[in-house]
Structure formats: C-alpha cells, structure tokens
Amino acid sequence: MTKYVRQATTTDLPAMMAIIEQGRQALSADQIPQWQGPYPATSDIQQDIDANRAWLLIVDGKIAGTAALLTTADPNYQQIYQGNWAGAADASYTSIHRIAIASGYHGQHLADTYFSNLMTISYQAGFRQIRVDTHLLNKRMQHIITKAGFAYRGIVYMANDATDQRNAYQVML
C-alpha cells in the first residue's frame, strides 16, 4: 500500500467535499454536534486550497483523507481555559483543522500516517509545535490525536462562543 500526502488543487474539491460529508455523517451517527451545520462549507475548503494549506492523504493513488495545515496563529487558540499551552507564549505553531478520512478507509490506522506526514511538513517548514482541537464528545478523534503524540492542554472556544467548546492538544517537535 503506497501512502503519501500532497497539496490539494481545485480539481480535488469534489472528492474533498465528499470526504467532509462522510465525516459529517459519522459525527452525526455518533451524536457529536461538530460539523452538523454548514461548516465546513465548500468555500472553507476552497479557501484552504487557495491558501496552499489543504493537504490530501493519498493511498494507492486515491484520495483517502483531507486536512488543513495552518501556519498562522489561530484566533481560537489565543485564549485557553483550564490549562495552558507549552512553550513560549509567542511561539509560532501550525494547527491541523478540518481533518477527515474517507469512510472506505476507516479502521486502517491511516490517521497515524496522516498526522506523521503533517508533523514532518510542519517541522520542515521550521515549526516546532503543532496544535489541534476536537469536540469533547469526539472520543475517536481524541484517541487518534493522543496516539499521534499530542498532549491535552485545556479547553478552547470556537469564535469565543461559550456553547462551542473544544478540547485542545499540542505536540512539541
């Protein structure tokens, strides 16, 4: 099985949105409210592509996963509650968002490969820490994140919305 990551292009958008929709359905089936509204929308994913921050997991020549790797500070991570970020407060970091694996690839531990590749890309770009968040009910993603080496750091809120709480994680490279 050949596995690697590459940057997405606009021609990949339909496949990426299909994976996002599969993720939305899986979260719904697990009664997790994350991604149950319009976000992430096609425009969000197109913005990721346009900003060169959309990365695809390719397995045997097919798109198996989609993710955004941001290299700018995430405003949602500016304030953390019931914990703190490790390292210098002003340190730069990458953050992983909108990550999903196509349903036909579940159970193959491909998220391990995906996270490892995103860590390598971050390191090669000069970053020494990565942050990620997930819904407090999303136990599957929490397991994947901690298995990849991330440590729980506290709670963040999306767009300062007290009803949109996330568990925040960080790994130092």
Side-chain angles (χ1 to χ4, degrees), residues 1-72 74-77 94-122 124-125 130-150 156 158-159 161 163-169 171:
M1 181 183 300
T2 305
K3 301 175 278 191
Y4 62 93
V5 297
R6 70 165 172 83
Q7 282 194 299
T9 66
T10 299
T11 58
D12 300 314
L13 187 59
M16 296 168 73
M17 288 312 299
I19 294 169
I20 294 292
E21 185 54 36
Q22 292 167 9
R24 192 183 319 274
Q25 291 172 7
L27 290 167
S28 177
D30 289 342
Q31 299 182 344
I32 299 168
Q34 191 174 3
W35 288 13
Q36 296 310 297
Y39 174 87
T42 302
S43 59
D44 297 311
I45 305 305
Q46 184 64 59
Q47 286 174 7
D48 289 340
I49 293 168
D50 293 345
N52 296 315
R53 62 182 179 227
W55 292 89
L56 302 177
L57 173 65
I58 307 298
V59 177
D60 292 335
K62 294 185 170 63
I63 298 172
T66 181
L69 182 67
L70 282 65
T71 57
T72 56
D74 186 325
N76 293 313
Y77 295 167
T94 60
S95 56
I96 299 170
H97 293 287
R98 297 175 285 289
I99 187 165
I101 301 286
S103 59
Y105 293 91
H106 288 181
Q108 298 180 36
H109 306 284
L110 293 172
D112 300 344
T113 301
Y114 210 0
F115 271 96
S116 177
N117 277 274
L118 294 171
M119 288 177 183
T120 299
I121 293 163
S122 296
Q124 289 177 332
I130 306 172
R131 298 176 184 181
V132 66
D133 66 82
T134 192
H135 196 279
L136 72 132
L137 297 177
N138 195 343
K139 301 299 182 193
R140 184 175 324 146
M141 183 55 77
Q142 291 171 31
H143 171 75
I144 291 167
I145 290 168
T146 56
K147 186 177 169 191
F150 287 80
V156 295
M158 301 296 101
D161 180 349
T163 66
D164 202 1
Q165 177 181 320
R166 299 285 189 271
N167 287 354
Y169 299 83
V171 67

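Position 1 is the first residue of the sequence; numbering continues from there. All values derive from a computational prediction rather than experimental measurement.
Without hydrogens or angle criteria, Asp133 side chain to Asn167 main chain gives no donor-acceptor distance under 3.5 Å. Using a distance-only test at 3.5 Å, with no hydrogens or angles considered, no donor-acceptor pair links the side chain of Gln22 to the main chain of Ile101. Side-chain N or O atoms of Thr146 include one that pairs as donor or acceptor with a backbone N or O of Gln142 at under 3.5 Å. Of the possible polar contacts, one joining the Tyr114 side chain to the Thr66 backbone as a donor-acceptor pair under 3.5 Å is found.
Contact check for Arg24 versus Leu27: no side-chain heavy atoms found under the 4.5 Å cut-off. Between Met141 and Ile99, some side-chain heavy-atom pair lies under the 4.5 Å cut-off. Counting heavy atoms from C-beta on, the side chains of Gln47 and Ile49 never come closer than 4.5 Å. Counting only heavy atoms from C-beta outward, the side chains of Lys147 and His109 approach each other to under 4.5 Å. Side-chain atoms of Leu70 and Arg98, non-hydrogen and from C-beta on, do get closer than 4.5 Å to each other. At least one side-chain heavy atom of Ile96 sits less than 4.5 Å from a side-chain heavy atom of Phe115. A 4.5 Å side-chain heavy-atom check between Leu57 and Val59 finds at least one atom pair inside the cut-off. No side-chain heavy atom of Ile130 sits under 4.5 Å from any side-chain heavy atom of Leu118.
Counting only N and O atoms by type, the side chains of Thr120 and Asn117 include no donor and acceptor under 3.5 Å apart.
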Check: Run the side-chain contact (heavy atoms from CB on, under 4.5 Å) check on Val171 and Met119 step by step: do they pass?
Finding: CA-CA 9 Å; Val171 67; Met119 288 177 183; 4.1 Å; yes
Assess the residue pair Arg6 and Asp12 against the criterion (side-chain contact (heavy atoms from CB on, under 4.5 Å)); give the C-alpha distance rounded to whole Å, side-chain angles, the decisive distance to 0.1 Å, and a yes or no. CA-CA 11 Å; Arg6 70 165 172 83; Asp12 300 314; 2.9 Å; yes
**Q.** Residue pair Leu137, Gln31: steps toward the side-chain contact (heavy atoms from CB on, under 4.5 Å) verdict
**A.** CA-CA 8 Å; Leu137 297 177; Gln31 299 182 344; over 6 Å; no
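A salt bridge links Arg166 to Asp164: one of the charged nitrogens lies within less than 4.0 Å of a carboxylate oxygen.
A distance of 8.5 Å separates CD1 in Ile19 from OG in Ser103, rounded to the nearest 0.5 Å. Atom CD1 of residue Ile144 and atom CG of residue Asp112 lie 7.5 Å apart, to the nearest 0.5 angstrom. Taking OG1 of Thr9 as the start and CG of Asp50 as the end, the distance is 11.0 Å to the nearest 0.5 Å. Taking CE of Met1 as the start and OH of Tyr105 as the end, the distance is 8.0 Å to the nearest 0.5 Å. To the nearest 0.5 angstrom, Glu21 atom CD is 10.0 Å from Trp35 atom CH2. Annotation: the span from Thr10 atom OG1 to Met16 atom CE amounts to 9.0 Å, rounded to 0.5 Å.
A centroid separation of less than 6.0 Å is found between the aromatic rings of Tyr77 and His97.
Closest of all the heavy-atom pairs between Ala41 and Met17 is C-CE, 3.9 Å.
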